[in-house]
2 protein chains.
Amino acid sequence: MPQTRVKDKQGKSAKWQARRHEIVDASAKVFAERGYHATSTTELCEANGIGKGALYYYIGSKEQLLAAIHDRVMDEVMLGADRAALAGGTPREQLAGLGEELLDVIFRFPDHVWVFLHDFPALTGKNAEMFRQRRRAYERRVESVFQQGVESGDFRPLDTRLAVIAWLGMHNYTYLSLRAGGHFSVKEVAKAFADIFVWGIATRG
Amino acid sequence: MPQTRVKDKQGKSAKWQARRHEIVDASAKVFAERGYHATSTTELCEANGIGKGALYYYIGSKEQLLAAIHDRVMDEVMLGADRAALAGGTPREQLAGLGEELLDVIFRFPDHVWVFLHDFPALTGKNAEMFRQRRRAYERRVESVFQQGVESGDFRPLDTRLAVIAWLGMHNYTYLSLRAGGHFSVKEVAKAFADIFVWGIATRG
DNA sequence: ATTTTACTACTGACTGGTCGGTCTATTCAA
DNA sequence: TTGAATAGACCGACCAGTCAGTAGTAAAAT
């Protein structure tokens, strides 16, 4: 059993994993610009400066590449949710933390997120099922914060499902309008959104 | 110059326009289910029960069909904004009216809206420019309500651009989660969203 | 009343080209 | 000398769009 060439359980070296990672990231950019279905594997080869053989050596198939981009987004989103949960605080603070973490992912991985929110219907079979499960898991985490807030009396009684839809839409949709390095920073947007959602926009009476 | 066969300025009869309308609507459904790029013109023929010749006799090209679906959505959205403006009221009432009209379009034309929000990057040249202009025009209308509210003191001072992005995201994103005939009615969702946005979710102190 | 003309509405075979993916051959590092 | 890494020719399938032809019908001409 050789020890110099270290391989993981899929039988691939760390070097292979790193190169694959690079290719996934570069391809996400192309998908974000042209769309998944509209991007040919030949274009992916050009963007990565490699031939078809090398491309398929790393990605397996076009759909597996798409799934890898989705995984990357969900990994980051879940990590952000973990950090927000670890920070603790009142339901209001929890919600603000969750929002800032989500916006942070959207600003740090704009291409991946674009692909994630646009081309998920192209996933089939097991890939689609995995995607749906992870997405649902995240939505449940958000919903539980709303439920806690209602129970503790911090939030007024409300339909938590509708609140989740409103909150997710408000944050996710920024991938269309806001970019890193643009007019607003993550913290500014997160603050403004948390204020609107928690306190509303009406003047106090 | 014959008078019996009535044609419009494009030289097409009312009958032709009606049939085209049917084909646009049926095609929107297929695009929503399978995606614009993933749908072949042969599939569109099958869905409409016609051959290639007839399809192109009515649609001109695949992209013109896509543009027609976009026009249909924007026409309805603008009509809704007109109705909301005509109803008048305070900035708060204006905003609530605008939200209900927008959600109404999303519930009445779920397929068209799905295509509108998913496949707009496939529009090119003049089609893309027209789409962008109309979208911007609508966003300006929404923003002006926020500006009026801030000026009148009904709304607290806020960045109106960020507020528009938050408001649009909250409403538009429902196309993913909410369907007509589902658990919630348009009025329920509109009410819940207006309450959250205007008053926030925190309990009053 | 009947033929001719003109035009709408439509078919489906066909075209040039592109697609995702495979395969054989080759390079190169260890 | 072995196997990881790579190129690019190649494959069958499928793509958007075209075209020659035609059935049906309403208007015009006879």
Side-chain angles (χ1 to χ4, degrees), chain A residues 1-24 26-27 30-31 34-69 115 119 122-125 127, chain B residues 1-8 10-24 26-27 30-31 34-69 119 122-125 127:
Chain A
M1 208 169 276
Q3 278 149 341
T4 42
R5 272 207 264 256
V6 184
K7 301 173 178 184
D8 70 0
K9 59 226 167 206
Q10 286 128 56
K12 300 296 181 178
S13 69
K15 192 183 158 196
W16 182 93
Q17 298 285 358
R19 185 80 183 99
R20 178 184 147 93
H21 204 263
E22 279 176 23
I23 290 170
V24 168
S27 302
V30 187
F31 282 159
R34 313 242 309 106
Y36 172 74
H37 283 296
T39 304
S40 69
T41 52
T42 306
E43 283 175 288
L44 294 177
C45 289
E46 284 164 13
N48 284 286
I50 54 176
K52 285 266 190 104
L55 183 72
Y56 274 82
Y57 176 63
Y58 288 107
I59 69 165
S61 74
K62 202 184 171 189
E63 191 182 327
Q64 275 174 259
L65 172 58
L66 182 64
I69 295 170
V115 175
D119 295 316
L123 293 174
T124 63
N127 290 134
Chain B
M1 206 170 281
Q3 279 150 338
T4 39
R5 273 209 263 255
V6 184
K7 300 172 179 185
D8 69 1
Q10 287 129 52
K12 301 295 182 179
S13 67
K15 192 182 158 196
W16 183 93
Q17 298 285 359
R19 184 79 183 102
R20 179 184 147 93
H21 205 261
E22 279 176 23
I23 289 170
V24 168
S27 302
V30 186
F31 282 160
R34 312 243 308 110
Y36 172 74
H37 283 296
T39 305
S40 70
T41 51
T42 306
E43 284 175 287
L44 294 177
C45 289
E46 283 164 13
N48 284 286
I50 54 177
K52 282 272 187 95
L55 183 72
Y56 275 83
Y57 176 64
Y58 287 108
I59 69 164
S61 73
K62 202 184 171 189
E63 190 182 326
Q64 274 173 261
L65 172 57
L66 182 63
I69 294 169
D119 294 316
L123 293 174
T124 65
N127 290 132

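Which of D:dA5, D:dT6, C:dC19 sits closest to the side chain of A:Ser40 comes down to C:dC19. Side chain of B:Lys15, nearest nucleotide from C:dC10, C:dA9, D:dA16: C:dA9.
Under 4.0 angstrom from either OP1 or OP2 of C:dC10 there lies at least one side-chain N or O belonging to B:Tyr58. For D:dA16, one of the phosphate oxygens OP1 or OP2 lies less than 4.0 angstrom from a side-chain nitrogen or oxygen of B:Lys62. Contact check, B:Tyr57 against C:dA9: a side-chain N or O comes under 4.0 Å of OP1 or OP2. For C:dG21, the OP1/OP2 oxygens have no side-chain nitrogen or oxygen of A:Thr41 closer than 4.0 Å.
Rounded to whole angstrom, the span from the OH atom of A:Tyr56 across to the P atom of C:dT24 amounts to 18 Å. B:Ile59 places its CD1 atom 10 Å from the C1' atom of D:dG17, with the value rounded to the nearest Å. Across the protein-nucleic acid pair, B:Glu22 atom CD and C:dC10 atom P stand 10 Å apart, rounded to whole Å. The distance from atom CD of B:Glu43 to atom P of D:dC14 is 11 Å, rounded to the nearest whole Å. Rounded to an integer number of Å, the gap from A:Gln17 CD to D:dA5 P is 11 Å. Atom pair B:Arg20:CZ and C:dC10:C1' shows a separation of 17 Å (rounding to whole Å applied). If you take NZ of B:Lys12 and C1' of C:dA9, they are 10 Å apart, rounded to a whole angstrom. Nucleotide D:dC15 holds its C1' atom 14 Å from the CG atom of B:Leu55, rounded to whole Å.
B:Asn48 contributes a side-chain N or O that, together with a main-chain N or O of B:Leu44, makes up a donor-acceptor pair within less than 3.5 Å. Checked by atom type and distance alone, the side chain of B:Arg34 never pairs as donor or acceptor with a backbone atom of B:Thr39 at under 3.5 Å. A donor-acceptor pair is defined here as one N or O able to donate and one able to accept, closer than 3.5 Å; no such pair exists between the side chain of B:Glu43 and the backbone of B:Val30.
Side-chain N/O atoms of B:Lys52 and base N/O atoms of D:dG17 include a donor-acceptor pair closer than 3.5 Å.
Geometrically, A:Lys62 engages A:Tyr36 in a cation-pi contact defined by less than 6.0 Å to the ring centre and at most 45° from the axis.
Looking at A:Tyr58 and A:Val24, their side chains never come closer than 4.5 Å, going by heavy atoms from C-beta outward.
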